[in-house]
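Structure record follows, encoded as structure tokens.
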Amino acid sequence: MPSRSPAKKPQLNFYNKAMKTDSAVLDESPNTPRLASVKKRAVVIGSGFGGIAGAIRLQVRGYQTTLVEMRDKPGGRAYVYEQDGFKFDAGPTIITAPFLIDELFELAGRKTSDYLKIVPCSPYYRILFHDGRKFDYTGNEAEIIEQINLFEPSDVPGYKLFVERSHAIFDRAFTDLADMPFDTVGDMLKIAPDLVRLQSHKCVYALVSKYIKNDYLRQVFSFHPLLIGGNPFQSSSIYAMIHYLERKWGVHFAMGGTGAVVDALIALFKSLGGEMMLNTRVEEITIAMGHVNGVRLPGGDVLPADVVVSNGDTANTYRKLINPKWRKKWTDRRLEKMRYSMSLFVLYFGTDRTYPEIAHHSIILTKRYKALLNDIFNKKVLAEDFSLYLHAPTRTDPSLAPDGCECFYVLSPVPNLLGNVDWDAVKEKYADAILESLEQYCPDLRKHVVTRRIMCPTDFEKDLDAYVGSAFQFEPILTQSAWFRPHNRSEDIEGLYFVGAGTHPGAGLPGVLSSAKVLDRVVPAPQK
Ligand SMILES: Cc1cc2nc3c(=O)[nH]c(=O)nc-3n(C[C@H](O)[C@H](O)[C@H](O)COP(=O)(O)OP(=O)(O)OC[C@H]3O[C@@H](n4cnc5c(N)ncnc54)[C@H](O)[C@@H]3O)c2cc1C
């Protein structure tokens, strides 16, 4: 298992102090003889999963690639907090479509299993309702039907039809289109008949309700958009494909936590000759004659590049790193008009005992489903009740906590910073209220918490530079999907590309890893 190596500033062969940021020095062809005579260089801004995967792909294709990350460790939302002997994955925990990770190792002629152990989880999720009922959600049809029978046997035929629909959407939206660029209106028009046929204008909840009548079951089969920042009552029904995606490839966990996947991919990238700079915030993408030619680092140094890929927050990449004179499409005004996903309140905590009755992944739903989502996404108020996702990774890998202890995080979807919540004032009380509510599942929980830390919307803004503290960037609604999202190949600037949650296809590990695959289609081969 590769270990995380300490931050080491790479030697930058092509650093050119004279190359400051504005037009005088940059008033030259993007393919200057100076750069053309050496190996083509790519800079990737940000080391989230999309950034790391993109950097590996560019390095494999022959670009000399530098990954520049402003934090002290790679991973982005998949950062790792280590505290009092507990290891907390900060963000993603549910690994679906693990083949997208395998592909990165295969590109380099390696095998994932030489670096990582990824194991299946069962149940995928345990869904706990406010009145004590529960639903164990797995990938096995017979088991799911057994669970449906406990709620509403007459919904079984409807469920089977729902799976067929989810499969049909998956075939088109994921298999055909997740790693295809949406560069032109024509690309969008080509899929318009499918969007109509698949009734993409409907929301996920409406589609599920067409097939399933029971209220509990409607929640079970419609909550998935929340995993990628969407409201089931607003997200296009194309996201109903997640049900089929999970069934097809399973729900997995990486031993050592998701941070182990980050470590393994960084080790792979470096072994291919890629360079990484940590603690380095890109302050500007430098542009000449409408074409990128580098990135400006703190202190004014410019790292030259033929290709720049941003994995940073897409809205803030345009707003903060690119001079407005180059931005015809993604102006500040237009970015302000986009709809941003909700944020998250995440409480990481360790206990001095274990709770074997708690599943690895639990979804705990309050009585209010639609109304609570409306509070979060539309009214943008902090409600007194909450629906939660509880992560108990020590169920699968006890090594993440000291002996006899348990490692948890609990996540509550909350309004982004366009709401008016004073997080400094409320966050400790909100955390206490969540722990108190969890005592119905973990008796005396508060007495056993020995360490805790909070990540709230202001931390998304501060630590990740997330515009309005959004946890998943643009909300996944139809009018912000595919061609309507900021494109993987910038519409405004030549040589600039995007990977990660803020571009096509969107948030979640399958989405951001697929966005890196799009790079292989839109970034030209590095001609010597
Ligand atoms: C709490 C939480 C739980 C989640 N759970 C799951 C899950 O279980 N399964 C799943 O599939 N998805 C999950 N998601 C979604 C998933 O984690 C994200 O969609 C995905 O990890 C985002 O990856 P990304 O490539 O967009 O980059 P990000 O992770 O957003 O990383 C971007 C990086 O860019 C860096 N950066 C930004 N600006 C600059 C700059 N100017 N200079 C240098 N560096 C910069 C940032 O520091 C950051 O490291 C979860 C998200 C959250 C927040």
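Side chains are part of it too, since the values below use all heavy atoms of this structure and drop only hydrogens, waters and symmetry mates. FYI, the numbering just counts along the sequence from 1. All ligand and atom numbering here is 1-based and tracks the order in the structure.
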Original post:
So, are E336 and R319 salt-bridged, with charged N and O less than 4.0 Å apart?
Top reply: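 No, this pair does not count.
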Original post:
Given P92, A466, G312, G506, which has its nearest heavy atom closest to atom 6 (C) of ligand 1?
Top reply: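 Residue with the shortest heavy-atom distance to the ligand atom: P92.
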Original post:
Among G508, G75, S515, whose heavy atom sits nearest atom 16 (C) of ligand 1?
Top reply: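 Checking each option, the heavy atom nearest atom 16 (C) of ligand 1 is found in G508.
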Original post:
Is there at least one pair of N or O atoms, one from V282 and one from ligand 1, spaced under 3.5 Å apart?
Top reply: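 N/O-N/O distance below 3.5 Å exists for this pair.
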Under a 3.5 Å threshold, yes or no: a donor from one side chain and an acceptor from the other, between [X] and [Y]?
X    : Y    : answer
Y239 : S481 : yes
N378 : R339 : yes
Y348 : Q83  : no

Any atoms of ligand 1 less than 4.0 Å from a non-hydrogen atom of [X]? List them with their elements.
X    : answer
G91  : 1 (C), 2 (C), 3 (C), 4 (C), 5 (N)
A507 : 19 (O)
Y409 : 3 (C)
T93  : 7 (C), 8 (O)
F49  : 25 (O)
G50  : 25 (O)
V68  : 43 (C), 44 (N)
L464 : 48 (C)

Original post:
Y81 ring centre to R453 NZ or CZ under 6.0 Å, with the angle to the axis within 45°?
Top reply: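 Yes, a cation-pi geometry holds between R453 and Y81.
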**OP:** Please confirm whether K427 makes a cation-pi placement over F345, using NZ or CZ under 6.0 Å from the six-membered ring centre and within 45° of the ring normal.
**Re:**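 Not flagged: K427 not positioned over aromatic ring of F345.
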Using atom types as modelled and distance alone, determine if a side-chain donor or acceptor of [X] lies under 3.5 Å from a backbone N or O of [Y].
X    : Y    : result
D313 : Y467 : yes
Q219 : L365 : no
R521 : D179 : yes
T451 : D84  : no

**OP:** Measure centre to centre between the rings of H391 and F88, then say whether the value is under 6.0 Å.
**Re:**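 No, too far apart.
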Answer side chain, backbone, both or neither: which part of [X] comes under 4.0 Å from ligand 1, heavy atoms only.
X    : result
T280 : backbone
L344 : side chain
F460 : side chain
V512 : side chain

Original post:
Can you tell me how far CG of L268 sits from CD1 of I56, rounded to the nearest 0.5 angstrom?
Top reply: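 Result: 4.5 Å between the selected atoms.
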**OP:** Please verify whether a non-hydrogen atom of A90 lies at under 4.0 Å from ligand 1.
**Re:**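 Judged by the 4.0 Å heavy-atom criterion, A90 does count as contacting ligand 1.
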Starting from [atom], find the nearest protein heavy-atom neighbour and note its residue, name and distance.
atom                    : result
atom 29 (O) of ligand 1 : R77 N, 2.7 Å
atom 46 (C) of ligand 1 : E69 OE2, 3.6 Å
atom 51 (C) of ligand 1 : F472 CE2, 3.7 Å
atom 11 (O) of ligand 1 : L509 N, 2.7 Å
atom 9 (N) of ligand 1  : I94 O, 2.9 Å
atom 26 (O) of ligand 1 : A501 N, 2.8 Å
atom 39 (C) of ligand 1 : M70 SD, 3.7 Å
atom 32 (C) of ligand 1 : N311 O, 3.3 Å

Original post:
Going through the checks in order, is the ring-ring contact (aromatic ring centres under 6.0 Å, His included) test met by Y137 and H243?
Top reply: CA-CA 10 Å; Y137 181 113; H243 179 70; 5.7 Å; yes
Original post:
Is any side-chain heavy atom of L445 less than 4.5 Å from a side-chain heavy atom of T351?
Top reply: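 A side-chain contact under 4.5 Å exists here.
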